[in-house]
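Here is the structure we will look at, set down as structure tokens.
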Amino acid sequence: MESKYISKLYYLPARWLGYNGVVTKYRILTSIDGKNYKKINEEKWEKNTNLKILDFLSVKARYVKFEILESIDEAIISEIGVGN
């Protein structure tokens, strides 16, 4: 797989449990080699089940880490993705 430029992250919480499982604080890191990661963003989201779209400056990456720092109960993700 080759590196690509990305500038968005999409996160859709699981909706069938109400607020249970919703991620409320996260960190995004990217890497070209899978060893050296650079933090792209870290912040809090509102406690709701709406689709979250995070825009950030375009970065070339082959690997993306989505670290869950806080959630309502155990985190459950319906969909997640990156793109432009």
Considering all heavy atoms of both residues, which atom of A75 and which atom of S71 are nearest to each other, and what is their separation? N-OG, 3.5 Å

Heavy-atom nearest pair, S78 first then P13, reads CB-O, 3.6 Å

How close do S7 and S58 get, counting heavy atoms only, and between which atoms? CB-CA, 3.9 Å

Hydrogens and angles aside, do S31 and N36 bring a side-chain donor and acceptor to less than 3.5 Å of each other? no

Audit row: I6, F56, side chain to side chain contact (heavy atoms under 4.5 Å, CB included) steps and yes/no: CA-CA 8 Å; I6 60 171; F56 49 88; 4.1 Å; yes

So, taking the atom named CZ in R62 and the one named CD1 in I32, what distance separates them when rounded to the nearest 0.5 Å? 9.0 Å

E74 CD to N20 CG distance, which is reported to the nearest 0.5 Å: 11.0 Å

Cluster check L12, L9: I/L/V/M/F/W/Y, side chain < 4.5 angstrom: no

Quick one: are V22 and T49 in side-chain contact, heavy atoms under 4.5 Å? yes

Heavy-atom closest pair, residues I53 and Y10: CG1-CD2, 3.8 Å

For residues 40-47, run the donor-acceptor check on the side chains, cut-off 3.5 Å, and write out each pair with its distance to 0.1 Å, sequence neighbours left out.
from: N41; atom 1: ND2; to: Y26; atom 2: OH; distance (Å): 3.4
from: N41; atom 1: ND2; to: E43; atom 2: OE1; distance (Å): 3.0
from: E42; atom 1: OE1; to: R27; atom 2: NE; distance (Å): 2.8
from: E42; atom 1: OE1; to: R27; atom 2: NH2; distance (Å): 3.3

Within the 4.5 Å heavy-atom criterion, are I28 and V64 side-chain neighbours or not? yes

Determine the minimum heavy-atom distance between Y11 and G21, stating which atoms define it. OH-O, 4.0 Å

For a side chain to side chain contact (heavy atoms under 4.5 Å, CB included) with F66, tell me which candidate from V82, I77, L29 qualifies. I77

Would a hydrophobic clustering, with Ile, Leu, Val, Met, Phe, Trp and Tyr connected at side-chain separations under 4.5 Å, put I68 with I80? yes

Roughly how far apart are Y63 OH and T30 OG1, rounded to 0.5 Å? 12.5 Å

